Structure formats: structure tokens, C-alpha cells
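Let me begin by presenting the structure, written as C-alpha cells, before commenting on it.
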Amino acid sequence: MSVLELRDLNVTYRTEGGDVPAVRGVNLTLEIGETVGLAGESGCGKSTIAAAVLRLLPKGTKVTGEVLLDGEDVYAMRPGRLRAVRWTSAAIVFQGALHSLNPVRRVGQQIEEAIRLHAGERAETRAVELLERVGLPAARAQHYPHQLSGGQRQRVLIALALACEPKLLIADEPTTALDVMVQAQVLALLEELQRDRGLSLLFITHDLSVLTHTCEKLAVMYAGRIVEQGPSKAVFERPDHPYTRALAASFPTIGDPASRMNPRGLAGDPPDPSALPSGCPFQIRCDVAIPECTTLDVALRDAVSVKGLADRRAACVHVGVARV
Amino acid sequence: MWGWRVSDPSPNGNVVELTNVQVQFNGGRVRAVDTVSLEVGRSEVVALVGESGCGKTTLIRSIIGLEPLAHGSITVLGQEVGGRRGLRSLRRRVQMIFQDPTGALNPRHSIYEAVAEGLRIHKVKGHEPTLVAGALSSAGLRPAERYLRRFPHELSGGQRQRVLIAAAMALQPALLLADEPVASLDASIRGEILALMRSFVDSHGVSIIAVTHDLGLAWNIADRVAVMYLGRIVEVGPTEEVLGAPKHPYTRALLSVVPEVAGLEQQILTGETPDPSRVPSGCRFHPRCPVVASGEADRLGFGDRCRGVDLELEPEVGDHRVACHAVAISATAGQ
Ligand SMILES: Nc1ncnc2c1ncn2[C@@H]1O[C@H](COP(=O)(O)OP(=O)(O)O)[C@@H](O)[C@H]1O
Ligand SMILES: Nc1ncnc2c1ncn2[C@@H]1O[C@H](COP(=O)(O)OP(=O)(O)O)[C@@H](O)[C@H]1O
Ligand SMILES: [Mg+2]
Ligand SMILES: [Mg+2]
């Protein structure tokens, strides 16, 4: 059974300015021990998906479709069951949470509280064990958040998320605010946890290059939808969707003469989800758009060009049409 | 008006010269910048790279006179920074852009005001609305009329950074100090902003010091790279050489963890940049240095120098300079 399955997930925020359809028909599956990366520019709906998995969206937000954790529908759970599932089945390291630790409590205490709240036993010893597991010496338990560097606080947050031994960890931009060396340390830690504990990881970031090296599979989002998915290395190196192609090209390859003195990016901004154009939402920024794209919004479909490789999918008029 | 070019660099053609610069805090206990020498020529882009806390921001703040020097000197366009004369004109000729465009813009000022403010402060001659519109469109915000009356919250992060670049460039600076100019932006739009910055170098002869921890940025726009560690430049040289054939073990480690570099075995250094109030003796990098940790330095007989003898940049080949005992010794041995 899959650890996580999203079936036609739609999330619409209700605001004074009207409805904001932030996630539109997302299907995604995560198997036990698997690492899946969710990529895309700011505003494409990544954090919304993270919050939707554990029903942490603002009150009044409209959610349709299904979120299955270990086969159980999260949106059909009673409050008691939901509380148990949060932390023990799945935990989230939130984006920008480096400042979310309680400033007036020692980090060890904060981890102990999380353990007591859910699992109870030996909280103090286990808090120290957790800190050690994320590479912080036991003495750090006595420190307050302000005494720690950004990388150390990120480790505390990961320890906190692991407090109840969840099967699934959702990490939302866990390395975005960190230096390259510290980023490499945190990525190595996540890889180790995944390998040693069979943790399943949903890794969210706008940095495609990070995902390619950390995740087996990749899903690229644009304007609330997955527009391409497949094995991460293949998707990064031979993207099928023009959006993924532009994203991948915006990472210079150091040492490659083609990107020397040649910064490349993607012109324009993603569309406002409350005012989506008709047709393909990427058409305005797309360099291979054809007249059909203004009216036709292609759904995610198989992008098999080589026989037997059915693991690539993309949502583009140019993809998958040559199939027999 | 937009055909301007930077004139009058100092007699030797350098726009900035730093000589043995030291900046200290807390009564000298924190040596944030510890003996740095660097010169930047006209139309040159220098990337200053290194982990947080290594002194990059402090160094560029000292160039605009915001940090008093404990030692050394800085000249910009031939004038000494910190001297009485000409500070006002230097303020105009040296402009700075920051990492967080949102924090740098006043939320209650329109985009027009954001650009016009600098023109007024520096009493720039000309028709203000024309100057503002010209600056915005040169920064890629076209047509400018569409942006003039908007407010920062109505723009995307990338557009806000363009507004700040427009405001800086409207003053026709000789030198642009850019502190992590694209770090807060989506990877997809960084390239466009970097291309814009590079275009000012090529069209107006502006020089740029770009502070970053992103080596890809350096590969994209920098003529030279200076790698800083704990307040000191440990390797400097042409970008192709420093990133293509890094000599310092610290530079090599930094490159090895960049996902976009193929073929280097990952060398993750433990710990974070050490504390500038406790600079290690000897080579300041030695406690984290893989060459020392692996025992190689001792085997080859210079481990004691690494632990005991502080050192500065030495010429490797031509303009490529490195502060490393291992490199210095193998260079002498090779002669
Ligand atoms: N609480 C909210 N109310 C209204 N709109 C929201 C809310 N949170 C996010 N959004 C909007 O939903 C879209 C997706 O946001 P988010 O999931 O945070 O994207 P990402 O994490 O990919 O940057 C954006 O357009 C954002 O402005
Ligand atoms: N005003 C200050 N007072 C005391 N220490 C400071 C001050 N500004 C910077 N520092 C210290 O100087 C060192 C270098 O900081 P900074 O120049 O900001 O580094 P970077 O920009 O490379 O991250 C850091 O250890 C920082 O804590
Ligand atoms: Mg997000
Ligand atoms: Mg800084």
C-alpha cells in the first residue's frame, strides 16, 4: 500500500477578493521508502499540498478529491484520529519555520513536549537521541533557538518532525535559506534517515537541481497542476514539458562553456491563480506555443517515446501525440 | 541620456582598491574582515563567495564607508573612502542593491517615488519623469508607464529587484555593490536579473562586486572570483581558473557540494563557518581542512605549517592567487 496517495486533489482558498484555486486536480503517489520531489516556482501550490495532506489549511478552504495516508482518507477522519495521525503517520517540516521554534524554551524541551504529547515514554532520553541522530551533540538540548545557527535550527526542526517516528516526512523548502555547505549537510542527513529508517520523503522546493540529486522521482508543478512527472534524473536532463525545460536550463552548469557569461532564465511571471488564462496556463511564457494552446488545456498524459518506458508523463500539446 | 559610460576611474584604471583592509567589531574581538586586499577594474564583475558569516557583507559595507577600518585603506575612483573630501560624490558613484528587495522598498511609496528619491537626493539634473521612465525601462520594466503608479506589493519579487536596480542605475554609478542580489528569488528568474546586471557592465562600463554563496552566479556573470573564508580571501583569480581548476581545499569543497558540478566527489565539511572572534592559529581553515584531517599534510611534511603559520595570498600562476601551504609547497617543489 502507498504511504501517501493524492487523488484528484483540488484546493481553493476563499478570500475577500474571490476564490483562489491553488491546487487543481493533482494525483500523486508515494511508496514506502520512496523520495519524491515536488518542484515549481513560488505560488504554484506546493505548500498548499503539504498543508492539505494533514488538513492544516485555513478554515473555510474548499478541498475536494482524496488524500490517503496508508490507505486511510484523511478528510474522513474524526478529530481524535486526525490528531494521532499527525506526527505519527506523517510530519511536516514547514517552509520558513526557522523562526517558529519557541524562543524562550530550550530546544531539548521542545522536542520532549512533542514526544510526550503523542508517544509519551522516555521523552528526555529520546529527545537527546533524536538530536544526536540529526547530528547535534547532546549538549545542544540545553540551548535556546537563538544560540543556534540556521543550519542547526533546521536540524532541530527535523528532529522535532521525527519525534513520533512518522513513516512520511514532508519537507517544505528545508534548505532554501541555507548556505551551500549547510544545505549539503542537511540533504545528506535526510538521505541517511531515509536509507536507515525507511522513511518516505516528500521533498518540496523551487530548486530543481537539489531535487534531482535527492529524489528518485520528480513532479513539476505549474499554476496548481502537475505538468510533468517521471524519474528525476531523466526529467532534469531530458525534460518533456517546455516549462521543465526552461526551469532546468536556468541552472548553469559550472565548467560548461555554454552557460559561461550566459545567464538564462524564464521571462515573465506565473499566472495569478485567481485569474488563469483559458487554454494552457503556461502558453504566455512558452517558446513552443502554437495557436491551439490558447484554447486547449492538455491534461497530464503519457510521454512515451521509447517503447516500454511508461514512467514519463507531461501535460503539453507537443507530448505523447506520436504514439501508436 | 542612456548612452552614458563610466569615465574617470583612478589613474591606474581601477575602480576600487582595497589594501590590507581590516574591519573589527566589539572592540577588536570580532575580526570580521581580516587583512583583505582586492582591486576591481573598470567593466569588471568580481564575485565574492563564501559561507554566511565569512565577512562578505561587512567588506562591501566598508567600501561605501559604512564600516570604519581598523587597518588598511580603500580607494574608490582614486579617492580614499573615509576621507573628508568627495564623500558625497562617491555616494552617488557607488550604489548598492540588497538580497531582499521587499525590505529595501518603502511599501507606501509608488515605484515612481522609489526611483525618483535617489535622483532628488543626489540632485541629478534633467527632467525627472523622463529619467525615472528611462531607468525603469532599461531595467526591463516596459512599458514604464505601466509600473510608475504601482506599489511594491503589486509586483513580483523579480520585478521589485528590477525596481531597485533601476533606482541604482538611474544615478549612473561607476560601481554596483550587489549583496546576494538573486538569493531571495526563484531560480527560474535569477538568470534574467543576472543578465540585466551583466548588460550594464557591457553597455555602460559599470563594475560590479557581487556577494553570493552561489557559485553558479559567478560562472554566469563574473570575470573574477574571490573566495572568502573567515574574514580573508583564500583564493582569487579568473572565474574559469578558480572554478575550473580550484586550488584551495576550501574552494574545492565548496564546488563539490554544488549540485550543478559534475564529476567532483562530494566533500561535505562538518560544522559551519567558525567564529571570527576565535580565529584559529596557523592557516585559519586548518581545523576543517580535508588535507590536514586526512593526514596528508603531515605525511608530506607541512602539517605543522598548516597548524602554526598564518598565511596570505600567494601568486599561483599569473592572476590566480591562493593562500594554502600545500599549494605553496607544491609550487616551490615544481620549480
Ligand atoms: N491562506 C491563503 N489564502 C489565499 N491564498 C493563498 C493562501 N495561501 C496561499 N495562497 C495562494 O495560493 C497559491 C499557492 O500558494 P503556495 O501553496 O504557498 O505556493 P508555493 O508553496 O508553491 O509557493 C498562491 O497563489 C498563493 O498566493
Ligand atoms: N555590527 C556587528 N557587530 C558584531 N559582529 C558583527 C556585526 N556585523 C557583522 N558581525 C559579525 O561579523 C561576521 C561577518 O558578518 P557578515 O559580514 O555579515 O558575513 P556574511 O555577509 O559573509 O554572511 C559575522 O560573524 C557577524 O556575526
Ligand atoms: Mg511554499
Ligand atoms: Mg551577508
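Just the heavy atoms: all of them, side chains too, but no hydrogens, waters or symmetry mates, feed the values below. If you're wondering where the values come from, they're calculated on a predicted model, not measured in any experiment. Order of the sequence lines fixes the chain letters, A, B, ..., with proteins taken first and strands second; residue numbering starts at 1 for each chain.
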Heavy-atom check, side chain of Gln266(B) versus side chain of His213(A), under 4.5 Å: no

Ala246(A) versus chain B, the contacting section by heavy-atom distance below 4.5 Å: neither

Region of Gln159(B) in contact with chain A, defined by heavy-atom distances below 4.5 Å: side chain

When Ala195(B), Ala222(B), Ala253(B), Ser156(B) are compared by non-hydrogen pairs under 4.5 Å with chain A, the top option: Ala222(B)

Residues 181-189 of chain B: residues contacting chain A (heavy atom under 4.5 Å, by number): Leu185(B), Asp186(B), Ala187(B), Ser188(B), Ile189(B)

Asn262(A) versus chain B, the contacting section by heavy-atom distance below 4.5 Å: backbone

For chain A, the option from Leu269(B), Ile221(B), Leu243(B) that forms the most heavy-atom pairs under 4.5 Å: Leu269(B)

Region of Leu178(A) that comes under 4.5 Å of a non-hydrogen atom in chain B: backbone

Smallest separation among heavy atoms of Trp219(B) and Pro252(A), with atom names: CD1-CB, 4.5 Å

Any Val180(A) side-chain heavy atom under 4.5 Å of Leu215(B) side chain: no

Other residues, nucleotides, ligands: >12 heavy atoms within 6.0 Å of Asp19(A) CG: yes

Heavy-atom closest contact (Asn220(B) atom, Ser259(A) atom, distance): OD1-O, 3.1 Å

Minimum side-chain heavy-atom gap Asp223(B)-Met261(A) below 4.5 Å: yes

Region of Arg260(A) in contact with chain B, defined by heavy-atom distances below 4.5 Å: both

